[in-house]
Amino acid sequence: MSKTPQAIRGTQDIFGVDAEAFAFVVETFERVRRLYRFRRVEMPVFEKTEVFSRAIGETTDVVAKEMYSFEDRGGESLTLRPEFTAGIARAFLTNGWQQHAPLKLATHGPLFRYERPQKGRYRQFHQIDAEIIGAAEPQADVELLAMADQVIRELGIEGVTLHLNTLGDGDSREAWRAALVEHFRAVKDELSEDSQERLEKNPLRILDSKDPRDKRLVADAPKIDAYLSDDARAFFDAVTSGLDAAGVKWQRAESLVRGLDYYRHTAFEFIPDEGSEAAGKLGSQSTILGGGRYDGLMESLGGAPTPAVGWAAGIERLAMLVGEKDEGELQVAVVAEHSRVEKDASRLTSLLRSKMIVADMFVTGSPRKRYGRAVKANPMIIVSLDYRDDDLHQSWRIERPIESDELHEIMATFTLTGDT
RNA sequence: GCGAUCGUAGCUCAGUUGGUUAGAGCGCCGGUUUGUGGUACCGGAGGUCGCGGGUUCGAACCCCGUCGAUCGCCCCA
């Protein structure tokens, strides 16, 4: 026998109760997005590499090292999507979806990032995603966040809080950034080694460093609020008051930033509260939903300036928090205790299923052990079909009653034939 | 890219300071109790001990490498 190939590192085969939890997340998302009239969109799993490299920024590490890129037979560089937003932005431009603006879109599916797997982090993972494109007003942010909040509540997830920040408009953001660099440069020697590195490459990231040495210095770092333009401040005030009006709980997170430059104004993450059960289940990958406003993205793909805001959430991480979902109760187990009644068992099972009654049959393996297997499946009703002493026998045992007239009618009228 | 821990049957795991033919439970297959039933009993299949090399009279056990898993760091679209 030849050796069985192994699965690709960082991929998962999701099965049983885990797959049920996964499906529950997706079904809940689908239900909620309809409530908010987000329109369903199906996107390709791969795009020209350029779609992502231009959207995300050519020089960043994520583009350089963490994408699944390859050449197709025509020599074109393609990339398995590492996020939804860039592909959706490309579709918005190439399909003329401007005509539908403002456009509320929702999708879900697999994404690919070439990273080291760990808890809640895989190379092929799955997200739900919501975007509002072509809406510059803060009410769009509010609606998007209200939807996110409702998804999480409908999933029954507790102990998770919306952390909210503003990065201001382009000018605010640059002024703040310059002030941060100045502040940290003055105390460079006291920063962690990693943050000394960040100071050159991505100074905003120092703000959410886990190192205690950095945390102390972050505490008295300049705040974005001091650098906000009047417009940016008004925008953020409108978002927060809108959230209050919509009954969405939130907390200000002055250190919350985004890794990419195209973000403006609103930035947010839903994060488990410290010490909560949810935090324990997630390990160090703690953000379960994140997003923000990306008004600059369309231009980087060659389109007209188009305001947009969106979020995405990891299905696997959400599934870890929703608890066990069972695979659905077996209502009727049909047991053929003799080969003469196997066809009858099959006929009865089909009949039940055609009436939307959940049924399974037990007709394989040794006849004397079939009943035991049926019992183990924990059905509400066990129907035994048998042939002994030259006679056909039919009986049922009710473990837990089913309210169904159709079931009783089927059982009353079903007759064994013994045909083989 | 870096670090720590771990790889023994389909699954969960034992396996003594290195010492005969590597074990258990569950699951699977077969049989006994000729039974209205989840039990019990008997038997069976299934393992190159992740892979490769080394040390040794002798390695599941010690050493090196490699692959994989898990968790953390970096990064996080």
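In what follows, every heavy atom counts, from backbone to side chain, and hydrogens, waters and symmetry copies are set aside. The structure displayed is predicted, hence computed values, not measured ones.
- Under 4.0 angstrom from either OP1 or OP2 of B:U34 there lies no side-chain N or O belonging to A:R388.
- B:U55 and B:U17 have their P atoms separated by 25 Å, given to the nearest Å.
- Between the OH atom of A:Y294 and the P atom of B:A77 there is a distance of 14 Å, given to the nearest Å.
- Geometrically, A:R258 engages A:Y263 in a cation-pi contact defined by less than 6.0 Å to the ring centre and at most 45° from the axis.
- Note on A:N202: only backbone sugar-phosphate atoms sit closer than 4.0 angstrom, heavy atoms only; bases stay farther off.
- Counting non-hydrogen atoms under 4.0 angstrom, A:R370 reaches nothing in the nucleic acid.
- A gap of 15 Å separates the C1' atoms of B:U21 and B:A60, to the nearest Å.
- Nearest nucleotide to the A:V375 side chain, out of B:G38, B:G31, B:C73: B:G38.
- Aromatic ring pairs are classed by plane angle as parallel below 30°, tilted from 30° to 60° and perpendicular above 60°; the pair A:H108 and A:F29 is perpendicular.
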Before you tell me yes or no, could you show the steps for A:F92 and A:M298 under side-chain contact (heavy atoms from CB on, under 4.5 Å), namely the whole-Å CA-CA distance, both residues' side-chain angles and the distance that decides it to 0.1 Å? CA-CA 9 Å; A:F92 183 88; A:M298 289 293 173; 3.8 Å; yes

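- Residue A:W311 contributes atom CH2, which lies 22 Å from atom P of B:C76 at whole-angstrom precision.
- Between B:G30 and B:G19, the two C1' atoms lie 37 Å apart (nearest whole Å).
- Across the C1' atoms, B:G23 and B:G68 are found 25 Å apart, a figure rounded to whole Å.
- Residues A:Y122 and A:R9 are not in side-chain contact: their nearest non-hydrogen atoms beyond the backbone lie 4.5 Å or more apart.
- Side-chain atoms of A:R121 come within donor-acceptor range of the base of B:C76, with a qualifying N/O pair under 3.5 Å.
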I'd like to compare against my own output: the B/S/- annotation of nucleotides 66-72 of chain B with a strict under-4.0 Å heavy-atom distance to protein. -S-S-SB

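- Each of B:G38, B:U36, B:A77 was ranked by its minimum atom distance to the side chain of A:E399; first place goes to B:G38.
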side-chain contact (heavy atoms from CB on, under 4.5 Å) between A:K281 and A:L321, intermediate numbers included: CA-CA 7 Å; A:K281 285 180 182 169; A:L321 301 182; 4.0 Å; yes

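- Comparing B:C67 with B:C28, their C1' atoms are spaced 30 Å from each other, to the whole Å.
- Pairing analysis of RNA chain B (Watson-Crick: purine N1 to pyrimidine N3 plus N6-O4 or O6-N4; G-U wobble: N1-O2 and O6-N3; both under 3.5 Å) yields stems of 3 or more pairs at B:1-7 with B:67-73, B:10-13 with B:23-26, B:28-32 with B:40-44, B:50-54 with B:62-66.
- Mapping A:R373 and A:S395 onto RNA chain B by nearest heavy atom places A:R373 closer to the 5' end of the strand.
- Rounded to a whole angstrom, the distance from the P atom of B:G54 to that of B:A59 is 12 Å.
- Atom pair A:K369:NZ and B:G35:P shows a separation of 19 Å (rounding to whole Å applied).
- The P atoms of B:U56 and B:C13 are separated by 36 Å, rounded to the nearest whole Å.
- The environment of CD in A:E158 is sparse: at most 12 heavy-atom neighbours from other residues, nucleotides or ligands sit within 6.0 Å.
- In this structure, A:R81 forms no cation-pi arrangement with A:F46, as its terminal cationic atom is not both closer than 6.0 Å to the ring centre and no more than 45° off the ring axis.
- Checked by atom type, the side-chain pair A:S255/A:D208 shows no donor-acceptor distance below 3.5 Å.
- Summarising the geometry, the separation between CG on A:N378 and C1' on B:G37 is reported as 16 Å, rounded to the nearest angstrom.
- Looking at A:T364 and A:R373, their side chains come closer than 4.5 Å, going by heavy atoms from C-beta outward.
- A:L260 comes within 4.0 angstrom of the backbone, heavy atoms only, and of no base.
- Counting atom types as modelled, A:E337 pairs no side-chain N or O with a base atom of B:G35 as donor and acceptor under 3.5 Å.
- No contact: A:T85 has no heavy atom under 4.0 Å from any strand.
- The nearest heavy atom of RNA chain B to A:T364 and to A:R113 marks one nucleotide each, and the one closer to the 5' end goes with A:T364.
- In plain terms, the two heavy atoms of A:A55 and A:L297 that are nearest each other are CB-CD1, 3.4 Å.
- Counting to the nearest Å, the C1' atom of B:C75 and the NZ atom of A:K201 are 9 Å from each other.
- A cation-pi arrangement is absent between A:R370 and A:F362 under the rule of less than 6.0 angstrom and at most 45 degrees off the ring axis.
- Residue A:I206 contributes atom CD1, which lies 15 Å from atom C1' of B:C75 at whole-angstrom precision.
- In this structure, the CD atom of A:E115 is 10 Å from the P atom of B:A77, given to the nearest Å.
- For the P atom pair drawn from B:G10 and B:U20, the interatomic distance equals 24 Å after rounding to whole Å.
- If you measure from atom NE2 of A:H338 to atom C1' of B:U34, you get 13 Å, rounded to the nearest angstrom.
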